[in-house]
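Notes for the one structure printed next.
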Amino acid sequence: MQTASLKVAKQASPLEELLNLPLRSNNPYIQEWKAKGNKVIGYVCSYTPEELIYAIPGVGGTRIMPVRIGGVGCTHTEEADTLMYRYICTFTRSTLQLALDGEYNYLDGVVFNSCCEHMRRSYEFWRDLVRPKIITMVSVPRTCHSETEFRWYHEECINMMEEIGKVWGLNPLPDQLLNAVKTYNRYRQLMMEVYRLRALKKPKLTGSEAFKIMQAGFNLPKDLFNEKLEMALEELKARPGITDYRARVLLAGSYTDDPSLVDTIESTGALVVSDSLCTGRKFVDNLVDESSSDLVEAVARRYFSRITCPRMMEDPEERINFVKKLAKEAEVDGIIFQHITFCDIHNIENIIESEAIARAGIPTLKLEREYNAADTGRLKTRVQAFLEKIGK
Amino acid sequence: MIFAGVDVGSMSAEAVLLDEKGIIAYSIIVVKPNPVQSATIVMEDVLKQSGVKLEDIAFCVSTGYGRERIPFAQHNVSEISCHGKGAVWVNSKIRTIIDIGGQDCKVIRVDGDGNLVDFVMNDKCAAGTGRFLEGIAKTFGMHVSELGALALRGVNPVPINSICTVYTNFDVMCFLADGWSKEDIALGVANVLAKRLVTLINKVGLEEEICVSGGVAKNQGVVRALEQAIGKKVQSLPVDPQIVGALGAAIFAMERYRILGERKKVATN
Amino acid sequence: MKNNSSLIKYDYLRRLNVTCDLLRVALSSGAQTLPELVANWPQIKAELIKEHDEEYVQHLFELVFPEVAEALLNPKHLQPTIKFAIALKKYVLDLGKYLDEGKPVVYNWPTFTPEVWYAMGVVPVFPFEAFAGLLSGLYTDGLEAENDEAEKQGFAFHICSFTKGPIKAIEVGKLPKPDLIIKNSSPCDSSNLNYQYAAYVNKCPLLILDSPYYTNQRALKYYVQNVREMLEEGQKITGMKLDVDKLRYHCEISNRQMKYMYGLQRLRKEVPCPDPGMMRFLDFGTLVLCGHSDLVPAYLEQRYKEVKERHERGETFLPPGKKEIRTLWSWGWVANMFYLPHWLEETFGSTYMECQLSYLPEDITGFVDTTNLDTMLEGLARRSMNFVMHRTAMSYSDIWVNDFVTIARSHKVDVAIFGGNRACKHAWTLCKILSDALQEQLGIPTLVWEHDVCDKRFMPHSKIKELLTEFFTTVAQ
Amino acid sequence: MILGCDIGTALTKGVILAEGEYIFGTSVLTRANAERAFEDLLEAIRRERGFKLDDFKEVVITGWGEGRIRLPHRSEPTMKCIAQAAIWDLPSCRFALCLGAQQSSALILNDRGKVLDYRINDKCAAGAGRFLDIIFEALETTPEESADIARSADKKIAMSSQCAVFAESEVVSLVNDGESVANILEAIFRSLVSGVVALSKRLPIRGEIIVGGGLANNLRIVELLEEGLGKKVKVFRLGPSFIAAMGAALSVNGGVR
């Protein structure tokens, strides 16, 4: 069965493969990875220093791969609703539900963050009900501007490494760290290339495809992903480019890994050519300084100096300018600010950003939505009306 | 040259035929379960009325929740744009349209050409939609169109606080049982509906003139309650407010036909 | 008072100012019932209009919840409430004077107590409790208008009305524009983003006092360091200097407060509970005013004295023959229904043990060692980390759960009420864990219901009474 | 004799006990008029059994309409009544569910039928009996036949609508997209039951389970409930609708002995 799915996957071109990579434990490469005795660690927030996990040398030459925990494919949230009540966002409930359904049993460990109120408080349920072999917390300060905060985060990174290391391996050697750092920098550069191809006058791929590639990136060992993406990029460049779109839009707001939202938007003829999401452009923003003598610190620095998530209680101006910059790069006709119902952070952040963006003369649409793509008809009506409003 | 607009909503479907001189004919039906079926029937009806043949229609635009599935429409436009377009066409002073449909309730702001400036749509709860009133009317054993006149005669509106439409129906039954007059209940219902509309209106703001479109616009009780709630006058439209969406679609059909025509010219020259 | 005075210019300040006198004069008028109070109104008003505008006073009087007035006239509330009004008045006057002098307007989030600011000569504004809480608790119009303003702009209904209202009040000119905002990064996203929004629209600096996710020594060290940096920055921005002796003076005041706080907490363990529930709401108010003036501990001393004597006399404030039902409020009080604890005492003999907004772990928070600056800052930091609403929110939910299971045991609790503010996301994540623990470990039932802490429209008082009546008549006998 | 009466939002039920033994029970439509419903009930009792009001030593009333009855009577909280009836029906019962027209409630009780804890949901109609009435109407089916129809479902379809009113129109469009009534009913039942299961799991589920309330007349719902709770569920012996009325009657002189 495994090898079969593997064969099927192997026949496809690298691009097709990235676009159709099966989810979670059905992912043939994860099956392959685990079969070799390697470990997989899940994490929930973009403030998790992934490369540090990737650098940890496992016992007997095994490896440890970080994957980002998402909620794609979640069809019900019964148990999660019972545990968490209706005021918790559907993304948090979906991920927890998947975990309770055993969808994340392939994970050997989970790294949590003090990211947002909803997600951080599902830690207890993972710890007590899902019970991964390792579950650890990275306490991330809510400001990046002071050395004290940075040192705290830096220590948190080291502690996380040690906690995982002491169970399955050792602490990484300098060259192991350097390799991991290089791999992740390469990954970010390649993803930026994808964004460049999306921003072209004739974009080489749809937003939906871009999200699928991003999704694949969350769920493959980055070395392998980089390899495939390099080839996939050649395939993309060879494409004629999309011309029959109705409008170019940028997607901003709450956590979005499920392509179905983008599908809904693009089903109106709009093309999502860029985004300012923590699952997208923000995720690959900024590189680690490879020349640093203390690479762990350099990694921590990167996470503290990349464009912030509004859970950081500062820099709305920077985030607004970031969105303006992206909008210019990708020559967008409008920006869609979406937030998942009950997401306090992006509800208010979208008000701040969209008002400023509107003042700058870029058309904006604010959408409230559930994580799981229900109610698509009404979302679609809103988006279509938005396009009509901006004369597209 | 004849243009058509067809609007398939969740409760009713409308079709409008239009030429340069104005509205030729229109038709309103209660929806058949299937949008395509509804569209076909309402279109056949309006054709029959006017003696126009389908092939005489130069261009047809569909709107409403079934808009993408209408076989005889060459193009579809969101109901939000259509209501804006239609309202301004019948009264050029209109800048805000409050459309109360079967399931959706929208507040639409437009410019002098009827193009969208801003809009907002209710969240997915029946409270404050046409269905809400339909339910009440059912409880009264009367047609929804009779509610308005009833509410106008109300004096002491009943206090309704349940959020859910289904429960409001039950509350209404209780008020009846407790001996309240239908008039006062209808007024209470109109007020609570108006209150829910205001929270929506607040999100985009109002610019005068204001009008109400959709079936509920015929409910004078709701309109008056709304006027009191927003402290502004609501313009009554010279056409049946229920056809505003379909009319808007027909106007888009006319505009689109012209644009395409010009493009063709450019192409042939 | 001059018309350009801040206490006139900003309606919230004006309200608070008149409220202090209204409470003091009205409750000292000798009236024991609402009708008597109404009968005394002419004299009361005559007294008030010596300082305040007649129309305004009259208007405010008409806005008072009759239930609240009636409750406060009850002997169990009367004297402490007067003392509270006097203490609050002192703060309001200081604030008014401070603002009139054109000094920098500083907004302070209550989870780090304000001694340090007093020690700089700053009189901070406390939008959270002093305004949102008190105004929605006392007056029938509450903060609904400001909440609606916020919702117009797209703030969701579930964004906390504790912060949403006051922040809007700044924009509509009911509160002064801030020059500096200080915010703990706990308890919640809702408040964090509200304050971030406020700093952004008012173009003023936001000092973030970062709450670590742990409660160990390392976290404390980190937190103390954050406090130091906050003070450095704060002095730079305000241009005012922290005076160690002043800090010691104010810490000693708040230590005295704590002494009585802890004393009251201990007395609540007694059966029957000698401490009336409504006063928790005012106690919270004094936590926010922490260390401001001697009048603050004076209120708590009065409270402590009364409660202790009541206990020693073996008396209860419950209606004769009412069986006591010892009730744990596992979320907190409902600001917009200030009188609810009194109603529950009178109707069901339900007494108020502790809640998330009243509980301070004496053994951890202790007293601030006033030896020197370092010891004081560490003491204040430790208190803050374990402060009401901060201890329960900044870290794992285990803390909240364990605290409340412990309280349920030590206070011989009969039933629990989880009246959760709908904005309080982290409360809704642990509601089931907590109610399960209470039921499985101690057989204590929990009534779970939703309210909006500063907006009575979501859960009307009549509905709340219905829910509680059903609960108490069903499980509590 | 004792008359226990439960004036619900849909049905008004009466149960008669003599020496603590059940002898008769009947119900009438409430039609939102508690006073009249109560009279109708007394009339029905007179007609069917010839008992008159003064034949009853005590009248105990519970449920939505209790407060509206002027006739001197004793009132009991609904939740207490349900527990009393549950323990009477099944001494080993420690968990009871009541799926009413407007409200579903779950409660745990001790061996004396005392309510230890409960949860209710009444926020909106989704998941309440009234919701089903709307659906049955839309599907032109009856509560009686719906269970068997649902059982014959051959595929799982997802209902996106939370709102009862929208569910109605969603159902209509499903029908017209050629979806079978069986599959739709099954989907509706499943989504409804999942709500009840979530409610139940907010409490520690112990001992045996009794279910009452109008929805429990629907055997498919009961089956799905058992599936969801992973436990056997017993439907109240006298007919699920009578659970609260019976409990009211039992509450006289300390209830179940």
Side-chain angles (χ1 to χ4, degrees), chain A residues 86-87 89-90 243-244 246-247 249 261 263-270 333-343 347-348 350-351 354-355 357-359 361-392, chain B residues 7-10 35 61-69 75-86 88 97 99 101-111 113-126 129 163 200 202-205 245 248-249 251-253 255-256 259:
Chain A
R86 65 197 181 110
Y87 290 114
C89 88
T90 39
T243 52
D244 62 346
R246 192 168 164 185
V249 299
L261 173 69
D263 291 339
T264 308
I265 294 171
E266 296 193 326
S267 70
T268 64
D333 304 299
I335 299 179
I336 296 177
F337 290 91
Q338 49 79 30
H339 75 273
I340 300 171
T341 310
F342 300 124
C343 174
N347 174 200
I348 299 181
N350 285 356
I351 294 171
S354 65
E355 286 180 357
I357 294 293
R359 279 194 298 275
I362 306 172
T364 64
L365 172 68
K366 273 193 274 162
L367 281 184
E368 180 176 331
R369 55 129 183 160
E370 293 299 346
Y371 172 72
N372 331 61
D375 199 12
T376 48
R378 296 160 57 80
L379 280 176
K380 196 171 169 184
T381 304
R382 284 168 162 89
V383 176
Q384 186 176 347
F386 174 62
L387 300 183
E388 289 157 2
K389 170 187 157 186
I390 62 179
K392 295 287 166 178
Chain B
D7 177 358
V8 183
S10 64
V61 166
S62 61
T63 187
Y65 90 99
R67 62 183 179 277
E68 286 153 311
R69 296 162 61 180
H75 184 61
N76 78 76
V77 176
S78 80
E79 51 269 43
I80 296 173
S81 296
C82 287
H83 278 270
K85 196 58 132 182
V88 173
I97 300 95
D99 166 45
Q103 288 194 7
D104 298 329
C105 172
K106 315 172 196 72
V107 183
I108 305 157
R109 298 215 355 249
V110 291
D111 63 19
D113 306 321
N115 299 320
L116 283 183
V117 173
D118 202 354
F119 64 90
V120 61
M121 219 165 136
N122 66 321
D123 49 19
K124 205 161 199 273
C125 167
T129 65
I163 314 133
L200 200 61
N202 282 341
K203 292 204 165 93
V204 283
I251 298 158
F252 276 118
E255 290 181 359
R256 186 142 188 106
I259 298 162

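Within every chain, numbering begins at 1; the chains are lettered A, B, ... in the order of the sequence lines, protein sequences first and strands thereafter.
- The OH atom of B/Y65 sits 14.5 Å away from atom NZ of A/K380, with the distance rounded to the nearest 0.5 Å.
- Considering only heavy-atom pairs separated by less than 4.5 Å from chain A, the leading option among B/I108, B/N115, B/N76, B/D118 is B/N76.
- Of the atoms belonging to B/D111, not a single heavy atom falls under 4.5 Å from chain A.
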Only pairs under 3.5 Å count here: list side-chain donor-acceptor contacts from residues 361-368 of chain A, not counting sequence neighbours, and write none if there are none.
{"from": "A/E368", "atom 1": "OE2", "to": "A/T341", "atom 2": "OG1", "distance (Å)": "3.1"}

Between B/I97 and B/V110, is a side-chain contact (heavy atoms from CB on, under 4.5 Å) present by the stated rule, with each step listed?
CA-CA 8 Å; B/I97 300 95; B/V110 291; 3.8 Å; yes
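- Residues B/R67 and B/V77 fail the side-chain proximity criterion, which asks for heavy atoms closer than 4.5 Å.
- Of the atoms belonging to B/V120, not a single heavy atom falls under 4.5 Å from chain A.
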